[in-house]
Amino acid sequence: MAIYVTRSAMPPIEEYMEEIVPVWESRWLTNFGEKHEKLRAELCGYLKVPNLSLFTNGHQALECALEALEIKGEVITTPFTFASTTHAIVRTGSTPVFCDINDSNYTIDVSKIEGLITEKTKAIVPVHVYGNPCNVQAIQAIADKYNLKIIYDAAHAFGIEVDGKGIGSFGDASMFSFHATKVFHTIEGGAVAFRDIDLDKSLNQWKNFGIIDEENVEYIGGNAKMNEFCAAMGLCNLRHIDENIALRKKLVMHYRKQLQDVEGIVLCREQAGIKYNYSYFPILIDEQKYGITRDMLWERLKKQGIVARKYFYPITSDFACYRRFAFGGETPVAKRVAATVLTLPLYPELAIDNVDTICNIIKGEQK
Ligand SMILES: *Cc1c(COP(=O)(O)O)cnc(C)c1O
């Protein structure tokens with residue numbers, strides 16, 4: 001049987017059945033129901049964030065955050081991310097300006113941000129890629145100096161803490177994704193954590209057609225509300241999250257032990273003071289030292305039933321849909337990382353033996 005890069009965590013089915021009984025009885029299926037409100041409160045506590053708003057998915061959450069913060073102009077961001085980050089900026093009427101990433105944890109290279117700022121710059125949208133926290137202090141200092149907003153793409157960063165603070169407590173807002181493939185999921189879902197409580201009302205309007213009340217509509221908003229069945233799934237999954245992250249951690253430690261001394265395999269550096277969520281296990285393949293390319297290793301793993309992912313490749317600025325735009329910014333590090341990265345299978349149910357098998361194939365391919 002093939003081993004895929006991820007496998008959704010599921011709570012025991014009895015737990016979910018029990019959770020949805022009151023939904024069945026009340027017929028309140030969506031629009032800020034009881035499960036929605038309960039999940040919102042519990043997540044606020046777990047994520048250690050001051051305020052939280054739930055959404056139908058992470059992408060809509062990000063678009064609504066950009067709308068609610070009234071970001072229209074140039075937005076500094078990185079192209080080493082999922083399509084969603086760049087799409088959200090463009091779809092809400094702004095222009096992405098691509099900043100390169102650093103090569104130690106693949107987040108935005110803070111030394112390159114200031115050189116990209118113009119009088120049109122309104123915000124920075126950095127990505128906590130693979131759950132590696134951006135340099136939040138340096139980014140805040142730049143934002144303060146130039147009066148810019150910060151909206152983090154924290155889709156990978158559920159539960160991460162920096163010096164005991166929730167990752168979603170930094171910047172003006174942070175988007176979390178609760179997609180089925182993420183560390184914590186609500187089947188589909190997402191959230192915006194935010195600093196200023198005044199944003200609560202506008203986020204609620206942006207996710208609900210811009211409606212204020214029965215007779216008043218303020219914004220040209222879409223529909224992005226989380227329903228009760230998804231919220232119920234979230235309540236169940238939240239009970240098992242710590243246990244799932246602990247299982248992931250064990251697997252990551254094992255991967256690291258097996259691969260740390262393999263010539264030509266580059267692992268992500270871990271930083272001090274961070275509580276990680278072990279959401280992904282990316283490796284870079286240095287062809288010169290390893291002997292074969294990333295694509296060849298991907299192919300060989302696949303032949304043996306191991307489905308790794310070139311995540312993220314290509315960088316978003318190379319997508320066909322962006323070719324006709326002449327967005328600024330050369331990003332050589334992002335290009336190189338995207339061309340050499342492979343994320344290996346990682347999910348709570350993965351067996352240690354499977355990790356050994358995968359590592360042995362990787363070691364066997366070495367020249
Ligand atoms: C998953 C993801 C998103 C989008 O989240 P959805 O819940 O799938 O809409 C955005 N950015 C990144 C980096 C992601 O991995």
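First listed ligand is number 1; within each ligand, the first listed atom is number 1.
Among Ile167, Leu62, Val127, Val136, the single residue meeting the side chain to side chain contact (heavy atoms under 4.5 Å, CB included) criterion with Tyr152 is Val136.
Residues Lys335 and Asp100 are not paired through a salt bridge, judged by the lack of any N-O separation under 4.0 Å between the basic side chain and the carboxylate.
You'll find the ring centres of His87 and Tyr322 inside the 6.0 Å limit.
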What short N/O contacts, under 3.5 Å, does ligand 1 make with the protein, listed by atom pair and distance?
{"residue": "ligand 1", "atom": "5 (O)", "partner": "Ser177", "partner atom": "OG", "Å": "3.2"}
{"residue": "ligand 1", "atom": "7 (O)", "partner": "Gly58", "partner atom": "N", "Å": "2.8"}
{"residue": "ligand 1", "atom": "7 (O)", "partner": "Ser177", "partner atom": "OG", "Å": "2.7"}
{"residue": "ligand 1", "atom": "9 (O)", "partner": "Gly58", "partner atom": "N", "Å": "3.3"}
{"residue": "ligand 1", "atom": "9 (O)", "partner": "His59", "partner atom": "N", "Å": "2.8"}
{"residue": "ligand 1", "atom": "11 (N)", "partner": "Asp153", "partner atom": "OD1", "Å": "3.4"}
{"residue": "ligand 1", "atom": "11 (N)", "partner": "Asp153", "partner atom": "OD2", "Å": "2.8"}
{"residue": "ligand 1", "atom": "15 (O)", "partner": "His156", "partner atom": "NE2", "Å": "2.8"}
{"residue": "ligand 1", "atom": "15 (O)", "partner": "Lys182", "partner atom": "NZ", "Å": "3.2"}
{"residue": "ligand 1", "atom": "15 (O)", "partner": "Tyr311", "partner atom": "OH", "Å": "3.4"}

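Atom NZ of Lys250 has 12 or fewer neighbouring heavy atoms from other residues, nucleotides or ligands inside a 6.0 Å radius. For Arg7, the CZ atom is loosely surrounded, since the number of other residues' heavy atoms within 6.0 Å does not exceed 12.
Residues forming a side-chain hydrogen bond (donor to acceptor under 3.5 Å, both in side chains) with Asp163 (at least two apart in sequence, or on another chain): none.
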